[in-house]
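Beneath this line is the structure, given in structure tokens, with notes to follow.
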Amino acid sequence: MFTGIVQAVGTMASLSEGVLRLWSPSDFAPEGFDVGESIAVNGCCLTVTREEGALRFDLSPETLDRTNLGSLRQGSRVNLERAMSMADRFGGHVVQGHVDATGTVASVRPVENSVVFRFQAPSLFDRYLIDKGSVTVDGISLTVVEPVDGAFDVWVIPHTLDVTNLGERVAGDLVNLEFDVMAKYVEKLMGSKFAGQRSA
């Protein structure tokens, strides 16, 4: 489980035959990483399979199809977050690291001391977007503003731009999206309830 609070920005070393290698900052995990631990890479939960200077991850075809990781190029910067421990502060929202879909950056607009990003998600996910609700974009916990037909704004402060790769995003870029898991559970439970009423 993650919180959507990015801890570091890494750099892609290589991606070949489903094997992703990333360089991470030395202060991200000074004690090193354990093989088998989970790290969110642009919001996608991946398992560390080896640490030989660069972190190594095996990517399944499902991961490559559903996320923007397959579009990374050597030198691409990615958001990183280690799985939370029971002692961690819960700064963002509940993030599973299970990317639901990719969306696109529709526009980027500076406004006073913020930057307003407009994202476009597939319209079928619009039901999970509520004004002032939570969404994860490339692993960053953000607040939804004015969602309409899968499109929504987020207002981003300078600190977030400094400590993530979001400041590099331009219109047309592909981003990973994870919608609020609480909304998915409510949808599932309510659907089961109504199904039970229909069959009664």
Side-chain angles (χ1 to χ4, degrees), residues 1-7 9 38-46 62-63 66-69 78-86 88-195:
M1 183 183 295
F2 306 92
T3 69
I5 303 300
V6 172
Q7 297 169 326
V9 177
S38 297
I39 297 178
V41 179
N42 272 2
C44 180
C45 180
L46 300 178
E62 166 74 2
T63 298
R66 191 177 285 262
T67 73
N68 66 5
L69 298 182
V78 293
N79 297 322
L80 303 174
E81 180 187 357
R82 299 179 82 176
M84 68 180 298
S85 72
M86 294 300 289
D88 287 341
R89 287 190 176 92
F90 207 104
H93 71 283
V94 177
V95 176
Q96 294 182 299
H98 301 162
V99 174
D100 292 302
T102 54
T104 55
V105 180
S107 63
V108 182
R109 178 168 53 97
V111 178
E112 296 182 2
N113 197 36
S114 305
V115 176
V116 180
F117 288 80
R118 185 76 171 170
F119 296 103
Q120 178 64 59
S123 58
L124 67 93
F125 292 103
D126 182 67
R127 64 189 187 274
Y128 299 131
L129 294 167
I130 62 169
D131 197 46
K132 302 303 185 287
S134 296
V135 66
T136 309
V137 178
D138 275 347
I140 311 165
S141 176
L142 296 168
T143 301
V144 175
V145 179
E146 298 182 353
V148 179
D149 296 330
F152 61 96
D153 286 347
V154 297
W155 289 62
V156 182
I157 62 174
H159 173 76
T160 303
L161 296 175
D162 288 342
V163 300
T164 71
N165 66 2
L166 194 54
E168 303 167 12
R169 293 299 187 194
V170 297
D173 280 356
L174 204 64
V175 293
N176 292 332
L177 300 173
E178 181 184 333
F179 303 100
D180 192 349
V181 67
M182 301 299 183
K184 298 175 207 172
Y185 278 124
V186 169
E187 179 183 54
K188 180 71 172 180
L189 290 169
M190 295 303 291
S192 298
K193 176 181 177 181
F194 291 135

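Everything numeric in this text was worked out from a predicted model, so none of it was measured.
Between Leu46 and Thr63 the shortest side-chain heavy-atom distance falls below 4.5 Å. Two residues are said to be in side-chain contact when any heavy atoms from C-beta on lie closer than 4.5 Å; Phe179 and Arg127 fail this criterion. A 4.5 Å side-chain heavy-atom check between Val181 and His93 finds every atom pair outside the cut-off. Between Asp131 and Val145, some side-chain heavy-atom pair lies under the 4.5 Å cut-off. By the 4.5 Å heavy-atom criterion applied to side chains, Val163 and Val6 are not counted as neighbours. No side-chain heavy atom of Glu178 sits less than 4.5 Å from a side-chain heavy atom of Val99. Between Val175 and Val105 there is a side-chain heavy-atom pair separated by less than 4.5 Å.
With values rounded to the nearest 0.5 angstrom, Thr164 atom OG1 is found 11.5 Å from Leu80 atom CG. Note that CZ of Arg109 is 10.5 Å distant from OG of Ser114, once rounded to the nearest 0.5 Å. Taking CG of Leu124 as the start and CG of Asp149 as the end, the distance is 12.0 Å to the nearest 0.5 Å. Atom-to-atom distance recorded for Asp100:CG and Thr136:OG1 is 9.0 Å, nearest 0.5 angstrom. Separating the NZ atom in Lys184 from the CD atom in Gln96 is a distance of 6.0 Å, to the nearest 0.5 Å.
Note: Phe117 and Phe119 have parallel aromatic rings, judged against thresholds of 30 and 60 degrees for the angle between ring planes.
Gln7 places a side-chain N or O within 3.5 Å of a backbone atom of Arg82 that can act as its donor or acceptor partner. Between the side chain of Glu146 and the main chain of Ala151, no donor-acceptor pair closer than 3.5 Å is present. Formation of a donor-acceptor pair under 3.5 Å by the Asn42 side chain with backbone atoms of Asn79 is found in this model. A donor-acceptor distance shorter than 3.5 angstrom exists from the side chain of Glu81 to the backbone of Thr3, with no hydrogens or angles considered. At least one donor-acceptor pair closer than 3.5 Å links the side chain of Asp173 to the backbone N or O of Val170.
Among all heavy-atom pairs drawn from Thr102 and Pro122, the shortest one is O-CD, 3.5 Å. Looking at every heavy atom in both residues, Ala40 comes nearest to Phe2 through N-CE2, 3.5 Å. The two atoms that bring Ala171 and Ala106 nearest to each other are CB-O, 3.8 Å, heavy atoms only.
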Derivation of the side-chain contact (heavy atoms from CB on, under 4.5 Å) call for Arg169 and Val137: CA-CA 11 Å; Arg169 293 299 187 194; Val137 178; over 6 Å; no
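Scanning for side-chain contact (heavy atoms from CB on, under 4.5 Å) contacts around Val144 gives Leu129, Val135, Pro147, Phe152, with sequence neighbours left out.
A side chain to side chain contact (heavy atoms under 4.5 Å, CB included) with Thr67 holds for exactly one of Asn176, Leu174, Asp138; it is Asn176.
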